[in-house]
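Every chain is numbered from 1 and lettered A, B, ... according to where its sequence line falls, protein lines coming before strand lines.
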Amino acid sequence: MTTTTDHPSDFIRDIVADDLRAGKYKQICARFPPEPNGYVHIGHAKSICLNFGITREFGGICNIRMDDTNPIKEEAEYVESIMTDVRWLIDGWADKHVGGAPFYASDYFDRFYEHAVDLIRKGKAYVCDMTSEETDAYRRLGKASHFRDRSIEENLDLFARMKAGKFADGARTLRAKIDVNAANVWLRDPVLYRIRHASHHRTGDKWCIYPMYDWAHTLSDYIEGITHSVCTLEFEVHRPLYDWILSALELPEPRPHQYEFARLNLTYSVMSKRKLIQLVNEKLVNGWDDPRMLTISGLRRRGVTASALRAFAYNVGITKYPSTTDMAVLEHTMRDEFNRNAARRLAVLRPIKIVLTNYPEGKIEELDAINNPEDPKAGMRKVPFSRELYIESDDFMETPPPKYFRLRPGGEVRLKYAYIIKCDEVVKDDAGKVIELRCTVDLDSKSGGPTAARKIKGTIHWVSAAQAIDAEVRLYDRLFSVPEPDASGDFKSLINPNSLEVVTAKCEPALATAHPEERYQFERLGYFALDPDSTREKQVWNRTITLRDTWAKVK
RNA sequence: UACCCCGUGGUGUAACGGUAACACAGCGCCCUUUGGAGGCGUUAUUCUUGGUUCGAAUCCAAGCGGGGUAGCCA
C-alpha cells in the first residue's frame, strides 16, 4: 500500500540526518526556488515534495523563493500561479513549514550589489568590456580577458556607472576573477552581472544591471540561512562556483551547501518548460491548466489530488541516476488512492437504450447500491430502476469475440444491483445501427430474490432512462502516443489524437448533488471529477483516469 | 573534445562489507453482482575486467555505456 506517512529514505535525507546528528546546523532550512517564467509541473512537484518533505520530517522550514533575476522572461502572472499550485500541493501536509512566503531574489538586489562591490574591493572581480562572443571564445581557449587586470578603483568606478545606466545592454559585464584555465568552465571568470535596460516585474526600472543565476542564487541561499540547497543535476558543475562565492566573500559560517538529484522524466510526456510553453502558445492544448498537461494546475483540474501527487513523488524516489519513470506509475498512484476513497456511481458514457418488455410500465423501484465496497462506512444509496434503461454500447455485441461475457442476442447479463436480463430482440435503424435492445427480465433475480444467486458471468452498469441526468464528460488520455515524444525532433506531431473525447453521458440521479472536491468512480469506467466549467444547468466531468482494463488487453 | 556525475530485473527504487528485496509493468490461477479491488503464484537483476577482503551490488583501478556542462538563461 502506498502512503506518504512513511518517511522516505534517500541520500539527501541521509546527509540531512548526518548534519543534524553532527550538530552542523541547529535547524535545517531548505528552499524551493522557481523562476516565474512558466507554470510549475509534476517535475517541480517532485522537488517541492523533497524540499518540504525534508523540513517536515526533520523539523525545519522551507522558503518559497522566486528566482526572478531575468526581467525579460519573468511575469507576475507566473508568480500567482506558482504560489497557488505550491500551496495546494503542500496544504495540510507541510504548510506549517513554509518560511513566510514568498521570498524574491529581487528583494535582495541591493545586498547583491553591496556584495559585488565587496568582491571588487577584495580584488576578486572586474568589469569586462568584451562582447558576449569574445567572452565565449576566450573562455573556450582558456584565455584571459584584456580587462582582467584593471585596478580596483577603475572597476569600482565602472561598476557604479554600469549601475547608473551609463552603458548600453551588453557593453560590459562584471566578472569573477577566478581561473581562466580552470578545468571546470564555470570557474573561468564567470559573468556575475550583465546590463539589461528592462523593467522588472517587481523592481520596475530601478535597476539596469541584473545578477546572474550563480551570484543571485548563492547569496539568496546565504541571506535566508538556507542549510541544504537542493537542486537538479544540471547544476552539479556549478557547485564549485557556489562554494567559491561563499568563501571569496569570506561569509561567516554556517554556510549553505548544494546537493543535486535527478529531475523527473516520465514516459508519454514532455517536461521542459520550453515545450510546455509551445503547447500552450500554439493552442495544441487549452491552456496551462488543460487536464492533459502535467502542470500542477492541469493535474488538479483533471482531478488528481495533492495527496496522490505526493504519493507519486514518494514512489519515484530520489537518486542521482537520470531515470525515466513509467507513466503507469503515476496512473497506478491515482487508482490506488481513488479506489480507497471514491464513491461509486452509475453512469453510461455511450448510451444504448434497453426496454424490459415484461417489466410493468410506469413502475419505479428504488434499489440499494453500495457506495464504496472498500469502505463500509461510505454506506448505501438508492438507485431508481424502471422499464426503460440505458446501458453502455460497449456492453452489447451482436457477434462477440470469444470470452466476451457481456450482453449478446439471446444472452443474459446481470444489471449491477438489479436483475438478470436476457436480450430477445435487436432493433436497428435504416442504416443498420443498433438503436434499441428489447429484453426480458428475470423478476426473481433481484438481490435477496429466489434466483439472485444464479451464476451469470457478466455484470454491467446501467441507468434508468427517465431519471437519468445528462452531463458532458471529457475523456482524457495520455497527451502523447509514444513513450518518448522527446526522442525524435518533432514532439508536436506525436500528440495523441484521442487525448480528448467529449461525450454526453447519462448519469444516475445521485450524481446531481456531486461535490467538486469529491472523486467518483463511475462503475467499470474510471475515476471522475467535476470540472470548473460545470454550471447549475449542466455538469461537466473530467475523467481523471480509467480503471484498469484487462478486457481491453484480451481483445 | 575537456571537465563533472551516474550504471541493481522491462521500468523505478532498496539493500550503507555479510542470504539481492519492494513497487510498477507482464504472464498464469483463484475470487468477484465493477473484466475494478483483493489473494496466490510466476518471469526477470548487480555493465565488463582486474584488484583489496574470509566475504564485494557496496571499497579501489581501468574500460565500456548513459547523462550533464561549456548563455551576458535558470
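In the set U13(B), U32(B), A74(B), the nucleotide with an atom closest to the side chain of K455(A) is U32(B). Side-chain atoms of R524(A) lie closest to U34(B) of the nucleotides C73(B), U34(B), U69(B).
E374(A) contributes a side-chain N or O that forms a donor-acceptor pair with the base of G36(B) under 3.5 Å. Residue R548(A) places no side-chain atom within donor-acceptor reach of the base of G35(B), judged by atom type and a 3.5 Å distance cut-off alone. For U34(B), its base sits under 3.5 Å from the side chain of Q521(A) at one donor and acceptor pair at least. If you check distances only, the side chain of H238(A) does reach the base of A74(B) with a donor-acceptor pair under 3.5 Å.
Look at the P atom in both C54(B) and A70(B): the space between them is 47 Å, to the nearest Å. Nucleotides U46(B) and U33(B) have their P atoms positioned 44 Å apart, rounded to a whole Å. Comparing the same atom, C1', in G10(B) and in G17(B) gives a spacing of 30 Å after rounding to whole Å. Here the separation of G66(B) from A61(B), taken at their P atoms, is 22 Å to the nearest Å. Distance check on atom P: G18(B) versus U1(B) gives 39 Å, rounded to whole Å.
Positionally, the nearest nucleotide of RNA chain B for K403(A) lies more toward the 5' end than for the other of K403(A) and T69(A). Between Y527(A) and V191(A), it is Y527(A) whose nearest contact on RNA chain B lies nearer the 5' terminus.
Just one residue in the list Y242(A), Y213(A), F261(A) forms a ring pair (Phe, Tyr, Trp, His ring centres under 6.0 Å) with F235(A), and that residue is Y213(A).
The CG atom of L389(A) lies 12.5 Å from the NZ atom of K506(A); values are rounded to the nearest 0.5 Å. In this structure, N155(A) CG and K177(A) NZ are separated by 7.5 Å, a value rounded to the nearest 0.5 Å.
Across all strands shown, M327(A) has no heavy atoms under 4.0 Å from either base or sugar-phosphate atoms. Among the atoms of the strands shown, only primed sugar atoms or phosphate atoms (P, OP1, OP2) are found under 4.0 Å from some heavy atom of E35(A). Counting non-hydrogen atoms under 4.0 angstrom, S447(A) reaches a base of the nucleic acid.
Looking only at distances, no side-chain donor or acceptor of D326(A) sits under 3.5 Å from a matching main-chain atom of V329(A).
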Verdict with supporting geometry, R543(A) and D477(A), salt bridge (charged side-chain N to carboxylate O under 4.0 Å, His left out): CA-CA 9 Å; R543(A) 182 175 69 194; D477(A) 198 354; 5.4 Å; no
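A cation-pi arrangement is present between K163(A) and Y113(A), with the terminal nitrogen or guanidinium carbon under 6.0 Å from the aromatic centre and inside a 45° cone about the axis.
In this model, the phosphate group of G71(B) is not approached by any side-chain N or O of R139(A) to a distance below 4.0 Å at OP1 or OP2. Residue R196(A) places at least one side-chain N or O closer than 4.0 Å to OP1 or OP2 of C73(B).
In this structure, the aromatic ring of Y321(A) is not positioned over the six-membered ring of the base of G7(B) within 5.5 Å between centres and 30° between planes. Per the stacking criterion (ring centres < 5.5 Å, plane angle < 30°), Y213(A) does not stack onto the base of A74(B).
G71(B): glycosidic angle within 90° of 0, hence syn.
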